[in-house]
Amino acid sequence: MTSKTLHRTPLYGAHLRLKAQMVEFAGWDMPLQYTGIIEEHRTVRSRAGAFDVSHLGRFEITGSEAQGLLQLLLVSDISLIDTGQAQYSLLCREDGGILDDVILYCLAPGRYLLVCNAVNTHAVSRWLARWSEGFPKAKIADISLDTAMIALQGPRAHTVLASIWDSPLADTMGRYTCTVAELLGKHSAVVAKTGYSGEDGYELVVPQGESVAVWELLLGRGAKPCGLGARDTLRLEASLLLYGHEMDATNNPFQVGLGPLVAWEKGDFVGREALLALQKERPRELLVGFEMVERGVPRQHYPLVRDGERIGVVTSGGYAPSLDRYVGMGYIASKYAAPGQGLQVDIRGKLLMARVVPRPFYRRHR
Amino acid sequence: MNPSQYRYTKEHEWARREDGRAVVGITHYAQEQLGDIVFVDLPAIGVRVTQFLKFGEIESVKAVSDLFSPVSGEVIETNQAVIDSPELVNDEPYLRGWLIKVALSNPAELARLMTSEEYDALLAQHGSEP
């Protein structure tokens with residue numbers, strides 16, 4: 001048992017009532033699973049699952065200089081998103097290392113919501129505060145504890161949401177769009193068509209005091225509660241990156257395959273000079289997907305080997321329920337990174353055969 | 001309620017004696033604690049296992065755990081159905097989810113295992129329904 005006090009989301013009591021198995025994650029006491037990771041995984045692939053993702057960091061950045069501040073801190077060109085649009089992006093340090101991967105939502109002109117990884121909330125908060133000194137007309141509010149965030153994911157997510165949201169937008173929202181909504185005419189929420197499961201779905205940011213009501217509404221309309229265990233197996237199958245696994249401050253965007261996010265033409269931004277130099281270097285290692293040829297479970301930190309020589313390392317891996325295969329992602333010497341290349345995974349001293357495959361492992365039917 | 005004709009270890013494995021051999025598996029409590037089982041690594045036929053020592057590994061979505069043998073002897077069969085479909089251990093830990101069969105080298109050592117009543121009492125200390 002850990003002695004430090006863990007944060008609890010506004011839905012903590014609801015998780016206990018559902019008899020969730022709880023787990024510590026990034027300083028938060030979070031549901032790992034309710035009935036079973038694989039069952040919850042399959043629910044999201046076939047119906048609709050609701051996840052408490054209130055542990056994610058949420059910052060509201062407002063004011064006439066909000067866009068200028070964000071343009072300085074994100075590597076992408078945020079002038080490309082207007083009200084109602086969202087963008088996946090990176091915060092990089094001066095040396096080009098990735099501080100965090102984030103989603104930026106533009107809720108209104110001069111009003112943005114920035115969502116970051118729970119492990120990085122404090123670092124991002126300090127980073128925003130440090131750089132905002134030159135932007136007196138940008139106001140930063142950490143709303144992580146004032147709100148809850150619920151991810152509603154799966155092919156039935158739309159049906160569930162449309163049953164509590166009387167708006168034509170419920171049917172027409174495209175991916176990476178967002179809006180401010182009223183659910184059942186009484187619960188205010190930011191509704192965004194984003195997610196981390198490889199399925200269609202939404203993410204809702206709701207005031208803390210209304211979060212239990214909204215959560216229970218979603219469950220009442222057919223969404224099944226799903227925990228962080230399924231969130232991880234779902235994102236692995238969709239080969240979505242996880243900070244602390246596929247990237248950290250020692251990686252630059254080019255190694256991770258996120259070079260296309262960097263918008264050189266937008267002008268100056270933090271990390272630009274270092275990234276310009278790094279862009280010219282060919283990365284020695286690249287992030288790849290692989291699947292096991294021999295049965296075994298690849299896990300983070302296991303060495304990748306070829307001809308007795310270490311050529312890389314596993315960043316994430318496990319059983320992929322939708323594929324009934326064992327898959328992983330990892331960094332590998334770039335000359336071995338092409339799909340079809342053979343390799344071995346050193347699973348606690350046993351060398352088991354695997355091969356590089358294209359990502360994602362799983363793609364939803366459209 | 002754990003089956004009364006089985007014997008148990010404090011590491012939550014069971015053994016069921018069938019004449020000169022024993023069938024070995026993990027308990028309902030163990031599979032519940034592990035969660036969804038996705039891989040089992042069992043010894044080859046002919047390998048000698050020793051009571052209370054590691055004989056294999058079992059992996060859930062989240063973690064890897066060692067398997068400890070409740071008995072000593074030679075492995076004479078492994079459960080191919082479980083190797084192919086590890087979730088059988090979750091579904092039927094005492095029946096189709098068995099792991100290995102062992103030709104007992106020392107049947108007397110079964111007396112060192114817990115009876116179902118003793119094992120139920122151990123689980124009650126863990127605060128679990130036996």
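Below, chains carry the letters A, B, ... as their sequence lines are ordered, and counting in each starts from 1. Being a predicted model, the structure only gives us computed values, none of them experimental.
More than 12 heavy atoms of other residues, nucleotides or ligands sit less than 6.0 Å from atom CZ of A:Arg310. Within a 6.0 Å radius of CZ in A:Arg45, more than 12 heavy atoms belonging to other residues, nucleotides or ligands are found.
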Got a list of the donor-acceptor pairs under 3.5 angstrom between chain A and chain B?
from     : atom 1 : to      : atom 2 : distance (Å)
A:Ile37  : N      : B:Asp36 : OD2    : 3.0
A:Ile38  : N      : B:Asp36 : OD2    : 2.6
A:Arg295 : NH2    : B:Ile83 : O      : 2.8
A:Arg299 : NE     : B:Glu59 : OE1    : 3.0
A:Arg299 : NH1    : B:Val61 : O      : 3.1
A:Arg299 : NH2    : B:Glu59 : OE1    : 2.9
A:Arg299 : NH2    : B:Ser60 : O      : 2.8
A:Arg299 : NH2    : B:Ala63 : O      : 3.4
A:Tyr326 : OH     : B:Val38 : O      : 2.5
A:Arg348 : NE     : B:Glu57 : OE1    : 3.4
A:Arg348 : NE     : B:Glu57 : OE2    : 3.4
A:Arg348 : NH2    : B:Glu57 : OE1    : 2.5
A:Arg348 : NH2    : B:Glu59 : OE2    : 3.0
A:Lys350 : NZ     : B:Asp41 : OD1    : 3.2
A:Lys350 : NZ     : B:Asp41 : OD2    : 2.5

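Most heavy-atom pairs under 4.5 Å with chain B, from the set A:Gly296, A:Gly318, A:Pro321: that is A:Gly296.
The shortest distance between side-chain heavy atoms of A:Val297 and B:Val64 does not fall below 4.5 Å.
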